[in-house]
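Since the structure comes first, as structure tokens, the remarks are kept for the end.
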2 protein chains.
Amino acid sequence: MYSTDFTKRLLTYRLSLTHLKKVGLNDVYSHLLAGETSHSASLIRKDLSRLQVKGKRRGGYDIDTILQAINAYFGNKERDRIILAGMGNIGKAIIQNKDFEKHNIQIIASFDLNPAIQRKKFSIPVFPMEKCREIVVNYKIDVAILAVPAFSAQSVCDQLIQCGIRGILNFAPVNLKVPDNVYVSNVRLVDELQQVIYHTKQKRKHGEYS
Amino acid sequence: MYSTDFTKRLLTYRLSLTHLKKVGLNDVYSHLLAGETSHSASLIRKDLSRLQVKGKRRGGYDIDTILQAINAYFGNKERDRIILAGMGNIGKAIIQNKDFEKHNIQIIASFDLNPAIQRKKFSIPVFPMEKCREIVVNYKIDVAILAVPAFSAQSVCDQLIQCGIRGILNFAPVNLKVPDNVYVSNVRLVDELQQVIYHTKQKRKHGEYS
DNA sequence: TCGAATTTGTTCAATTGATCACAATAATTA
DNA sequence: TAATTATTGTGATCAATTGAACAAATTCGA
Ligand SMILES: NC(=O)c1ccc[n+]([C@@H]2O[C@H](COP(=O)([O-])OP(=O)(O)OC[C@H]3O[C@@H](n4cnc5c(N)ncnc54)[C@H](O)[C@@H]3O)[C@@H](O)[C@H]2O)c1
Ligand SMILES: NC(=O)c1ccc[n+]([C@@H]2O[C@H](COP(=O)([O-])OP(=O)(O)OC[C@H]3O[C@@H](n4cnc5c(N)ncnc54)[C@H](O)[C@@H]3O)[C@@H](O)[C@H]2O)c1
């Protein structure tokens with residue numbers, strides 16, 4: 001199996017390629033994509049080779065072919081349905097964003113312990129956690145977004161796994177403990193920002209100027 | 001200089017250590033921290049060694065000492081002040097979150113082109129972009145969060161850099177073009193989720209069960 | 001049609017990063 | 001006190017990833 005870095009790069013390529021396509025291009029050279037994505041041209045060629053995308057020597061790669069290969073890699077034939085736990089600020093921001101739909105990801109339901117939130121009208125239904133198993137089983141859901149406060153994150157995580165969830169995108173600043181057969185990815189916004197601050201200071205220090 | 005992976009691991013350690021401390025521990029063994037963070041014990045020891053944190057042989061490491069070293073590494077003496085561009089769903093979620101303050105990061109102002117939003121009352125002032133240079137210069141701001149729609153991301157990014165910003169945490173699904181002396185980190189929520197979905201399917205396939 | 005220019009595809013080398021393994025050392029127990 | 005156990009700290013090894021380089025192929029122009 002390929003590294004997670006490879007997978008991540010593919011999504012970066014996709015982003016640039018859809019943009020280039022919108023701008024009117026049909027073909028792309030590895031070094032052009034390199035400029036867009038800040039990955040080296042030879043790494044890009046190697047990645048495309050792993051994806052079994054063939055370019056034309058001296059002609060570059062066909063953008064649509066790459067995009068199809070990337071989407072195929074992620075199995076984007078069927079629509080992926082997921083759920084959301086925690087309908088707070090982050091949860092609401094996410095369900096209002098159209099990008100998930102655009103990439104065939106559908107958030108079909110959310111869960112929140114706050115009855116006031118349950119009563120509100122959103123684009124998707126809000127249930128109490130007790131309803132979770134029913135939804136997960138009936139709709140064969142594998143993946144959940146976890147956007148509850150830190151102090152309840154582990155407990156809600158446990159419940160999700162209990163209900164059958166096998167993949168979690170976690171926003172809470174907590175290192176979740178999960179069994180081996182569950183995949184967790186953490187979005188640590190505070191950490192990300194702190195890293196930006198740190199690296200920005202470093203750049204200043206080491207005097208990189210354009 | 002150290003890799004960004006090293007920097008990222010430090011923040012993971014910090015998360016677990018603050019948790020362990022809250023639970024009542026004062027000391028920690030490398031393999032205990034390994035269990036919390038899913039990094040190997042030997043890697044953790046090497047990281048701590050690089051941080052010049054000394055443990056006691058057979059006695060483990062003092063948690064406070066590690067935490068101080070990590071905070072020192074990130075220069076957490078002074079409070080870091082940053083700005084926010086785009087007061088939409090993500091922007092609002094971020095300014096309402098207390099975690100940034102807790103880590104000495106202060107978002108002092110935000111910018112949005114929507115006059116209706118500018119008139120609303122938030123915990124921080126909302127200015128039109130024209131005010132940006134003044135704020136950035138007067139308060140010596142280096143870092144910005146970019147949370148505007150994709151189609152205006154590059155343009156707002158350019159303006160920020162024009163005003164003197166040197167580090168950007170970008171939420172828009174765009175590969176920003178910036179000069180060499182600017183550091184950019186991207187939060188790609190759709191990509192993150194797609195990766196979770198992908199890796200969850202893979203785990204299913206390769207039959208990992210706990 | 002031939003040659004020059006350009007870009008892919010892949011091999012190879014080098015670097016980086018992580019793990020292994022163990023000596024050094026400290027604590028514990030008998 | 002001596003033996004034993006547990007843990008750090010680090011040098012050596014191993015693996016993975018990246019970048020460089022170049023042959024093969026294709027296009028373009030003369
Ligand atoms: N908002 C941000 O910008 C931001 C930044 C970094 C991290 N985070 C983290 O993301 C998570 C969500 O953030 P937020 O701003 O949306 O928080 P929030 O407080 O706005 O929303 C949390 C929601 O979870 C619900 N909830 C609480 N306990 C629950 C439980 N046991 N079961 C089901 N639902 C429960 C609450 O009712 C609330 O609606 C938090 O852990 C936060 O630390 C948020
Ligand atoms: N909401 C999510 O969950 C989510 C998920 C993935 C990615 N994103 C991305 O994050 C970014 C922000 O998302 P959001 O949901 O907050 O969007 P949003 O539409 O709610 O907010 C965008 C804000 O930016 C302001 N804005 C637009 N153009 C501007 C300009 N030129 N200068 C200054 N301000 C401007 C708008 O007035 C608005 O207030 C978008 O690029 C979006 O694609 C969001």
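Predicted, not measured: the structure shown is a model, and the values here were computed from it. First the proteins, then the strands, lettered A, B, ... as listed; each starts at 1.
In this structure, Leu43(B) places its CG atom 14 Å from C1' of dT10(D), rounding to the nearest Å. With rounding to whole Å, Asp5(B) atom CG is found 12 Å from dT17(D) atom P. Atom NE2 of His31(B) and atom P of dG9(D) are 14 Å apart (whole Å). Between the P atom of dT26(D) and the CG atom of Asp62(A) lies a distance of 16 Å, rounded to the nearest Å. Whole-Å rounding puts the Asp47(A) CG to dT10(C) P distance at 14 Å. One can place OH of Tyr29(A) at 16 Å from C1' of dG9(C), the figure rounded to the nearest angstrom. Distance CG (Asp27(B)) to P (dA27(C)): 11 Å, rounded to an integer number of Å. In this structure, Gln52(A) atom CD and dT8(C) atom P are separated by 18 Å, rounded to whole Å.
A donor-acceptor contact under 3.5 Å is not formed by the side chain of Lys46(B) with the base of dG17(C).
Listed here is the closest heavy atom pair of Cys157(B) and Leu146(B): CB-CD2, 4.0 Å.
A donor-acceptor contact shorter than 3.5 Å is absent between the side chain of Asn186(B) and the backbone of Arg188(B).
If you check every strand for non-hydrogen atoms under 4.0 Å, Arg9(A) touches sugar and phosphate atoms only.
None of Leu33(A), Ile44(A), Asp62(A) except one satisfies the side-chain contact (heavy atoms from CB on, under 4.5 Å) rule with Val28(A); the exception is Leu33(A).
Contact check, Ser30(B) against dT8(D): a side-chain N or O comes under 4.0 Å of OP1 or OP2. For Ser49(B) and dG9(D), the shortest distance from a side-chain N or O to OP1 or OP2 is not below 4.0 Å. OP1 or OP2 of dA16(D) has not a single side-chain nitrogen or oxygen of Ser3(A) nearer than 4.0 Å.
For Arg58(B), the side-chain atoms get nearest to dT5(D) when compared with the rest of dT18(D), dT5(D), dA18(C). Of all nucleotides listed (dA27(C), dG9(C), dT8(D)), dT8(D) comes nearest to the side chain of Tyr61(B). Here the side chain of Lys56(A) is nearest to one of dT7(D), dT27(D), dT10(D), namely dT27(D).
Ring-plane geometry between Tyr183(A) and His199(B) is classed as parallel, the angle between the planes falling under 30 degrees on a 0 to 90 degree scale with a further cut at 60. Relative orientation of the Tyr13(A) and His39(A) rings is perpendicular, given thresholds of 30° and 60° on the angle between their planes.
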**Request:** Run the numbers on Tyr29(A) and Tyr61(A) for ring-ring contact (aromatic ring centres under 6.0 Å, His included), then give the verdict.
**Result:** CA-CA 6 Å; Tyr29(A) 302 134; Tyr61(A) 298 88; 8.9 Å; no

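With Phe6(A) as the aromatic partner, Arg50(A) meets the cation-pi criteria of under 6.0 angstrom to the ring centre and within 45 degrees of the ring axis.
If Gly60(A) and His39(B) are placed on DNA chain C by their nearest nucleotide, the residue sitting closer to the 5' end is Gly60(A).
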Enumerate all atom pairs, one protein N or O and one N or O from nucleotides 21-24 of chain D, separated by less than 3.5 Å.
from: dA21(D); atom 1: N6; to: Arg45(A); atom 2: NH2; distance (Å): 3.3
from: dA24(D); atom 1: N3; to: Arg57(A); atom 2: NH1; distance (Å): 2.9

